[in-house]
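Submitted below is the structure of interest, expressed as structure tokens.
A quick note: this is a predicted structure, and the numbers were derived from the prediction, not measured. Counting convention: from 1, in listed order, for ligands and their atoms alike.
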Amino acid sequence: MEHSFSLQTFMLLTLVLCFIPLGNTFTVIIPDSSSPSALVDAPQTGFGLNNNGARTDIREQEAVYDIMRATGNEWATDIQDVCRGRWHGIECMPDKDNVYHVVALSFGALSDDTAFPTCDLTKSFISPSITKLPHLRTLFFYRCLTNNPQPIPSFLGRLGKSLQSLVLRENGHVGPMPNELGNLTRLRVLDLHKNDLNGSIPDSLGRITGLRSLDLSGNRLSGPIPSLSFPRLNVLDLNQNHLSGSIPTTLTNCPSLIKLDMSRNRLSGPIPESVGGLENLILMDLSYNSLSAPLPMSFKNLNCLQALILNGNPTMSTTIPTNMFDGLKDLTILILSEMNLQGIIPESLGRLRKIRVIHLDGNNLNGSIPKNFGDLNNLSELRLNDNMLIGPVPFSRDTIWRMRRKLRLDNNSGLCYDTKSGLGDDLDTLSGSGIGKCGTPQFGIITKQHISSNTGGTHEFIIGPKSAAGRVQQSSVCMMLLQLIANFLLLAYLL
Ligand SMILES: *[C@@H]1O[C@H](CO)[C@@H](O)[C@H](O)[C@H]1NC(C)=O
Ligand SMILES: *[C@@H]1O[C@H](CO)[C@@H](O)[C@H](O)[C@H]1NC(C)=O
Ligand SMILES: *[C@@H]1O[C@H](CO)[C@@H](O)[C@H](O)[C@H]1NC(C)=O
Ligand SMILES: *[C@@H]1O[C@H](CO)[C@@H](O)[C@H](O)[C@H]1NC(C)=O
Ligand SMILES: *[C@@H]1O[C@H](CO)[C@@H](O)[C@H](O)[C@H]1NC(C)=O
């Protein structure tokens, strides 16, 4: 599973980058000027020699001891002043009386390089004393309660005055999301990725109007997606849940969305026309649902969209609107496999100058491959296999060499090559593969062909049924997506 390894590495790297305090020995952080705070924006002198008067608020100190004990980190109770303890994972800030307050707590072994306190997996819990940290802005738990599954404590809702970032990632939580999370009205980041949460998404989240990133992916959340209205939301990730019903039309009230991922749920009904209002959207992934026709005409307004992923919605069963791709000038990844698409491939797709990956395989597309596909200089991966396409393959030898294994044309009705195109001599051997010379009958399926390159080497050109090549292609798309996603994560955590 090399690509799930990359996925993790990517995520971890991203998280690590975001959470390692940058090159200083203090755990003091710079105040965030955008949100009002009781703490002063004084120069951060930390705990230098000339700062002997500073000490940590006593109540908060006791609370930190409790929290550390609850995660199996009893060692911390030997530390005289927790804000001077200098362990990664605690951050403090002074107020104007030089009393230090805890503003961030982080737990979990992100990687060998991060020294956040690890948790005793078998008995850790989140101590209620956390509510005694009135200045806490960031609470981060990663894989902490894994072997001691428990609900997300509702008392976290009492941190509403200060908390801006709540991350309980792969943390072993079960049961429903508490309504009280809606009390955290200052949150910018809510990340509950990959727990075992069930029940529905509480409507109370709607109160968190300043939310920038909402990641509830990888749980067992069910029921409908509540109506959404988050003017500043950049990242909405609900992938891999059991959510049903339709995609809310209120998405348009989230005009700042950059990433929208609702893949791998049980969503039905059409994609609302209102998605066209998401003018900043870069990635839209609605794959593996049961979405139905029509494809929204408003897609063409998504001028920033780079990845459109709708595969695995066999219920879509429609034609691709002729001008669907007209405005998608930044599109680089288009995945529309296995959607029961019919009719022809629109020429507007061949005008997307930046497109690198096109998957239209496993549909019922007919007609021929648009001639202008031959002009797509950045196309490096094309799957048109398992359709009903006919006519000449409009690619030059160079293009075919560029794509090599990432070109899949097998199992169509009558694709052929034009000998005048220069493909002839090289691809003669393809005539037994389902792709013959135009004008001559061709039949049969062969899985591998060898064609010689200019340099005299021999390469496999796989045009047959799914094989190792499929995996290669999959992982290259994954890598591209991961880069995108890593950027989003970075963005989300840096906010
Ligand atoms: C927290 O939320 C609950 C339910 O939404 C509400 O009843 C309660 O008053 C809230 N508490 C605080 C402290 O805001
Ligand atoms: C959530 O899961 C728990 C334990 O598996 C179960 O008892 C409970 O009924 C589930 N709740 C919902 C709303 O599905
Ligand atoms: C292909 O991509 C490169 C960068 O990846 C870009 O500079 C170039 O303009 C693209 N070509 C076209 C035809 O868009
Ligand atoms: C493609 O299939 C549709 C029916 O799905 C049919 O109406 C149309 O004539 C076909 N077009 C071509 C070019 O074969
Ligand atoms: C060929 O493609 C069609 C879809 O157009 C699919 O139903 C069929 O199973 C494919 N045949 C093979 C041998 O893969």
### Query
For ligand 5, which atoms sit closer than 4.0 Å to a heavy atom of N363?
4 (C), 5 (O)
### Message
Using a 4.0 Å cutoff against the non-hydrogen atoms of N411, which atoms of ligand 5 qualify?
### Response
1 (C), 2 (O), 3 (C), 8 (C), 10 (C), 11 (N), 12 (C), 14 (O)
### Task
Could you tell me if the ring centre of F116 sits under 6.0 Å from that of F107?
no
### Side-chain ion pair, R351 and D326, N-O less than 4.0 Å
yes
### Task
Output the list of atoms in ligand 4 that are nearer than 4.0 Å to some heavy atom of N366, sorted by atom number.
1 (C), 2 (O), 3 (C), 8 (C), 10 (C), 11 (N), 12 (C), 14 (O)
#### Entry: Within the 4.0 Å heavy-atom sphere of ligand 2, strictly under, residues
N198, G199
### Task
Can you see which heavy atom on I201 is nearest to which on M177, and at what distance?
CA-SD, 4.5 Å
### Message
Consider side chain to side chain donor-acceptor pair (under 3.5 Å). Of N364, N411, N412, which one does D386 pass it with?
### Response
N411
### Query
Do you know the tightest heavy-atom contact between N265 and L238?
ND2-O, 2.9 Å
### Message
Can you tell me if R232 has over 12 outside heavy atoms packed within less than 6.0 Å of its CZ?
### Response
no
### Query
Relative to ligand 5, is N385 under 4.0 angstrom through side chain, backbone, both or neither, heavy atoms considered?
neither
### Task
Using distance alone, with no hydrogens and no angle criterion, decide if N171 and H173 have a side-chain donor and acceptor under 3.5 Å apart.
yes
### Message
Between D361 and R408, does any side-chain N to carboxylate O distance fall below 4.0 Å?
### Response
no
